[in-house]
Every structure is written in C-alpha cells, then in structure tokens.
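Side chains included, hydrogens not; waters and symmetry mates left out as well; all remaining heavy atoms used. For reference, positions follow the sequence shown, starting with 1.
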Amino acid sequence: MILPFPQQRYRQTKIMAGKHRLYFGSRQENLQKALIVKYFYKFLFTAILYRFRPFIYDIFMYTPQRLTCNLFTQCYNLSMIFRDDPDVPERENPLYKGECVFVTTFIIGLVILLGGAALYGRFCEKVFGPDDRKTPAYTKEDGVDFVPMRGWKNSLINLLNIAGTGPILGPIQGILFGPIAFLTIPIGNIIGGAMHDYFSGMICLRDGGTQMPEMIRRYSTKGIYKFYNVFVCVLLLLVGAVFIYTPGDIAATQLFGFDGKATSVSTWVIYGVIFLYYLIATVFPIDAIIGKIYPIFGGILLFSAIGIFIGIFVTGMPLLNIWDSWAAPVLSLTGADGTVGTFTYADYFSTKHFLPIFFVTVACGILSGFHSTQTAIISRTMKSERQGRNTFYNMMVLEGFIAMVWAAGAMGVYNLALQEPNAGLATGTVGVVCKYLLGHVGGIIALLGVIVLPITSGDTALRALRLSLSETLHIDQSTNGKRIKLAVPIFALVIAILVFAKTNADGFNILWRYFAWANQTLSLFAFLCITAWMFENGKGKWAWIPMIPGCFYTFICVTYIANAHIGFNIPWTPAYIIGVVCAIAYVVGCCVYGKKRAARLLAK
C-alpha cells in the first residue's frame, strides 16, 4: 500500500556530492520522484541566487506575470541606494536628482520583442506552411556545403553568422537619439528583420538550398538579377573588410593594449590571424570548421550579452524613459576653441535627422539585407523545414535582444558620464560598458564576445561570396584546390579595401557609410522576391507582410543616399520627397509584378 505523500517512508536515499539521487521501493513511488527533485532544485537554485544577489532572488520567486512589476521595484530600491550613498560620485549627474531610476521603456521594449516573436513568428510560420519533405541537406548531401546538422547547432551558427558588430556598434550610436530606440528596435525587428530572415531562409530551403542570387533570378527580372549580382558581391566584400577592421582594432587597442595604428606591426599581425581563419573557414567543409568551433564562440557571445543584461539591473544603471524630459544635459563638453557645450538627447534627436539616419545606423538589430545571404547557407544544413522558425526567425529576435542590451548599456555609461556620448567613439564605448558592468575579468570575456561576433560573420560572408560566384558563373567547387583558387582573388580585393580604410584618414568612415547603406538596400531585393513568391504560391493576400517593411526601407535608403555626401548630396526636403515617391513606386511595382507572375502561372 502506498502511503500519502507527507507520511511516505523511503527505503533508500543516496546523497552524493553535487547530485541528489532518490531511490524508492516501488514503481508507483517513482511517480513522486520528479516532484521532489523539482522542488528540491528550485529551493537550491533560489538559495544560491539569494546568496549572490538578494534582489535576483525576489525576481525569480515571482510568477512571470508579476516579473515586470517586480523589476520596477528593484530599480526603485537600487536608485534609493544611489541617492543616499554619499560615496557614489554619479549623484552629481542631473539625471539622478535623488529620484527613482526606472527602466520602464527598456522593459516594455523587451516585452514587445519577446511577445512579438511568439505571436508574429508563429503567424509567419503559418503563412509559409513548413512540412515534412526531405531537405537539401539529404537530397544533395556532398559533405562540404550540404551537410545535415542538428537544429540547435544550425540556430547557433546562424546567430553567429548574422550578428556582426552591427547589433553592438549600431545601437551604441543609435541610442544617442534617445530612449525611442528601446521601442523602434523591437518593433522593427519583429515585423521587418526577423520576418525578412525567416522567409528568405525558408524560400531558399524549399527551392533546394539555393543561394540568394539564384532566388533573385527565379523571382525577379533579368535586369534586377544582373544588378543584384554586382551589388551583393560589393556588399559582401565590404562586410569582409569591415569585419576584419573592427574586431582587429578592438582586439589590438582594448584587449592587448596596442595603439592600433596602420604603422604598427601588431595591427597587421592581428589582421593576418583573422585573415588566416577566414581562409580556412571559407574553403574547408562547413561541418569541419564552422560546425566544430561555433558552439564555443556561441558560449562566449551569450555570456557577454546575458552578463551585460544582468549588470544593467545589478548596478542600477539610469535609463531614460520615452516620456521623461530629454532636455536634461548628460555631459558638458569643451570644444577646441574653449567653448563649453552640453549634450542632450533632445538636441541630438532634433538635429541629426532620426529619419533616415537612425535606421541606417542601427542596421543588424532591426533589419539587415546581409542576413539573407547567410540564411541561404544554413538552408543547406537543416534536417527539417519545421526547424526554420527557431533557426531563422528566433535567432534574429535574439540579435534584437543583443542590440537592446548594448543600447541600454551605452545609455547607462553616457548618463553616468563614464563615456563621452559621441558616435565616433563607439568602439571605445564597448570597452567602458564591459568593464564597468562585468569587472576586469568579466569585461575581458565580454570583449572576446564582441570580437567573436564580427569574425563569425565575416568568415561566412566571404563563404557566401564564394558560393554565389561559383553558382552564378558555374565554377566547380568540388575540391579544396578549386575552392582556394576562387577564394584567392576574393581575399586580394578584401585586402585592398582594408589597406585603403586603414591608411586613409577618413577611409573607415567612408567604408562604414557605404556598408551601412548597402546593407539595408540589399533587403529590398529580398522583400521583392518574397512578395513574388507569395503571389506565385497562392498567398497573395499576405503580400502586405513583406510590403510594409519594404516600403518603409525604400524610403529610408533612397532618402539617405539622396542626401548623403557619399551619395547625391541633395538637401533634406527634396530628398524626403524623392524617398516617398520611390517608396510608393516600389510597392506598386512589386504588387503589379507579383500579380503578373501569378497570372502567368495560372495560364500555363
């Protein structure tokens, strides 16, 4: 007879160091094992958290419905500590003023991001309709590019492929526009970037693991296809150069303590090491290199992002809300002529043209056309179409989380006057945020995560360029020698771009501007193809899904290049008008073209 649980007598209990195993006398009694272990580990886990930080204990003991409210309470308590502690120098900052430091807008943005991923992500999946057909990883398996890999590994590789310095340096610069970034990043990510990545990857997957040039050829005109081939090759070369420059400089100046100058041997040695890794990862089978080391890189990446996220609450960073006054001076700045000025978010927002500058600057956290070239690579290693939502959509959402965290960390150090709020000092801000929130050792590990991000995007960018060229020009890539033969001229061009950017006084600024604009513009090709695919597959009623971000980013990209000095240098007012006209023309053109393709298929 089985006694009631409170009176149950156990025949044997074995406790080992680090593990607690419970043994019962009958099979029926084993049903209680899971319940006991569950509550035991919950007690153990919360006790450790309570020992580490009392306020974390309080957060985790609340139900998810009360989590946000409790976070507000913890921020209030932390702000009261800062207010009453005479040894905290940040009390002099005008943003404190002895008031509670809330992070309400930041948390609202996270709720939008996570809630939107659950709802809109499921909706996009339902519209596409994944099924159980065999994937190209099996039907075209070659042991090099078409290789079946586990779902979690595909997801992690895709995250590292798409998350370069964009979701770090972009938000650090974008947060200068104010707390509105905490809302625009998650909204744009959900309806724009994550949707773009999901449909781009899934269409390539269903079409046999094609690369983006082939997708453009199938769902657009010959003229657009030829223009895209040139455009994407230029972008991938720029990505390769940018993602050698930025991690190399961060490693040289903040990790190893070198000066990072073009005349220093150490700078080029670090660049050379990154180049060597790129060559290996570009040429050899994806499972032999990328599939083996990316889990390690992923662990470093997650540590840095989660560590900074927790650090924001542990240190009680003062983050502005969207309804707060943006006119409070953050920092007094002395110019070269001796004049003293102040930085305010209100001034920056009103003078720097939020539209379109913000959406070009904060590229990867919201939307990135570069991602479509990376999701196409992963489409060749997926075991099932049903893995697509987690691999493509959710990984872009996770990149949005990374962008939100770095935006908040940057605003915190700006408000604490630990770093000058200057877009040109974005790489320096990375080090300040890491070391302030995570300490010296944790800061170094976080810096490694920042360095890993662009490196793991640059290698696959060059790999995508090799695959695109081989597919477009029908170049055999069956052996290592043939792959190296195609990779050599690619790397020569990247070296030339890098030397220009490093030796020219304004070289990197020019490189970054062209990269940022080209990155966003590339997404317009993907939105066009997604729209055409929907019309062809009887999903024309859902064409508004790609058309909304497509219309908006046509306006952003055209307006930016029309006004920019690297573009047509047209004044802002006519540039805005041109942008609106082009956005309308883009939507009309995509819809008309999509309907014609659908009608042509029905006529056959």
Considering all heavy atoms, the nearest Leu511-Ile497 contact:
CD1-CG2, 3.8 Å
Quick one: CG on Leu486 to CG on Leu473, what's the gap to the nearest 0.5 Å?
8.0 Å
Who pairs with Ser200 by side chain to side chain contact (heavy atoms under 4.5 Å, CB included), at least two apart in sequence or on another chain?
His196, Ser372, Thr375, Ala526, Ile530
Less than 4.0 angstrom from a charged side-chain N to a carboxylate O is my criterion; do Asp145 and Lys140 meet it?
no
Given the options Phe392, Phe123, Trp533, Trp542, Phe128 meets ring pair (Phe, Tyr, Trp, His ring centres under 6.0 Å) only with Trp533
Is there a side-chain contact between Ile112 and Ile187 in this structure, where contact means two heavy atoms from C-beta onward sitting under 4.5 Å apart?
yes
Can any side-chain N or O of Tyr560 pair as donor or acceptor with the backbone N or O of Phe359 at less than 3.5 Å?
no
So, does Tyr245 use its side chain to make a donor-acceptor pair with the main chain of Leu498 at under 3.5 Å?
no
What are the two closest heavy atoms between Leu469 and Ile475, and how far apart are they?
O-CD1, 4.4 Å
Please confirm whether the ring centroid of Phe527 lies under 6.0 Å from the ring centroid of Tyr586.
no
Closest heavy-atom pair, Ala410 versus Ile175, reported as atoms and distance to 0.1 Å, is CB-CG2, 4.0 Å
Ignoring hydrogens and geometry, is there a side-chain-to-backbone donor-acceptor pair from His371 to Ile162 under 3.5 Å?
yes
What pair of heavy atoms forms the shortest contact from Met404 to Pro186, and how long is it?
SD-CD, 3.7 Å
Check whether Thr391 reaches the backbone of Gly388 with its side chain - one donor and one acceptor, N or O, closer than 3.5 Å.
no
What's the separation between atom CD1 in Ile402 and atom CD1 in Ile306, rounded to the nearest 0.5 Å?
9.5 Å
pair Leu462-Phe243: side-chain heavy atoms closer than 4.5 Å
no
Heavy-atom distance under 4.5 Å between the side chains of Ile191 and Phe552, does that happen here?
no
Check whether the side chains of Thr381 and Asn154 place a donor and an acceptor atom closer than 3.5 Å, and report yes or no.
yes
Should Thr267 and Lys502 be marked as a side chain to side chain contact (heavy atoms under 4.5 Å, CB included) after you check the CA-CA gap, both sets of side-chain angles, and the distance that decides it?
CA-CA 10 Å; Thr267 301; Lys502 194 65 182 177; 3.9 Å; yes
Heavy-atom pair of closest approach, residues Pro130 and Glu385
CA-OE1, 3.4 Å
Under the side chain to side chain contact (heavy atoms under 4.5 Å, CB included) criterion, do Thr531 and Tyr593 qualify, and how do the steps go?
CA-CA 9 Å; Thr531 303; Tyr593 177 72; over 6 Å; no
Distance-only, no hydrogens or angles: does the Glu125 side chain make a donor-acceptor pair with backbone N or O of Arg389 under 3.5 Å?
no
Give the intermediate values and the outcome of side chain to side chain contact (heavy atoms under 4.5 Å, CB included) for residues Arg218 and Thr210.
CA-CA 10 Å; Arg218 291 188 182 189; Thr210 59; 3.7 Å; yes
Tell me, do Asn519 and Cys364 make a side-chain contact under 4.5 Å, heavy atoms counted?
yes
If the condition is side chain to side chain contact (heavy atoms under 4.5 Å, CB included), which residues does Tyr138 pass it with, not counting sequence neighbours?
Thr135, Pro148, Lys383
Atom CZ of Arg386 with >12 non-hydrogen neighbours under 6.0 angstrom
yes
In this structure, CD of Gln374 is separated from CE of Met395 (nearest 0.5 Å) by 15.5 Å
How many angstroms lie between atom CZ of Arg466 and atom CD of Gln211, to the nearest 0.5 angstrom?
9.5 Å
List the steps and the verdict of side chain to side chain contact (heavy atoms under 4.5 Å, CB included) for Val494 and Tyr278.
CA-CA 11 Å; Val494 173; Tyr278 278 8; over 6 Å; no
Nearest-0.5 Å distance, CH2 of residue Trp517 to CG of residue Leu522:
10.0 Å
Main-chain N/O of Ala516 paired to Gln520 side chain as donor or acceptor, under 3.5 Å:
no
Can you tell if the side chain of Tyr198 reaches within under 4.5 Å of the side chain of Met396, non-hydrogen atoms only?
no
Those residues that, when tested against Phe370, pass ring-ring contact (aromatic ring centres under 6.0 Å, His included) (two or more places apart):
none
Considering only NZ, NE, NH1 and NH2 on the basic side and carboxylate oxygens on the acidic side, decide whether Glu214 and Arg217 come within less than 4.0 Å.
yes
Residues Ile224 and Leu528: closest non-hydrogen pair is CD1-CD2, 3.7 Å
For the residue pair Phe199 and Val127, establish whether any side-chain heavy-atom pair is separated by less than 4.5 Å.
yes
Taking Asp142 for the side chain and Phe146 for the main chain, is one N or O donor matched with an acceptor at less than 3.5 Å?
yes
I'd like to know if Asp131 pairs up with Arg206 as an ion pair, taking the criterion as any Lys NZ or Arg NE/NH1/NH2 lying under 4.0 Å from an Asp or Glu carboxylate oxygen.
yes
How long is the gap from CD1 on Ile451 to OG on Ser304, to the nearest 0.5 Å?
11.0 Å
In the structure I gave you, are the side-chain heavy atoms of Leu236 and Val232 within less than 4.5 Å of one another anywhere?
yes
Look at the aromatic rings of Tyr393 and Tyr120 and report parallel, tilted or perpendicular, splitting at 30° and 60°.
tilted
Any side-chain heavy-atom pair from Leu156 and Lys153 closer than 4.5 angstrom?
no
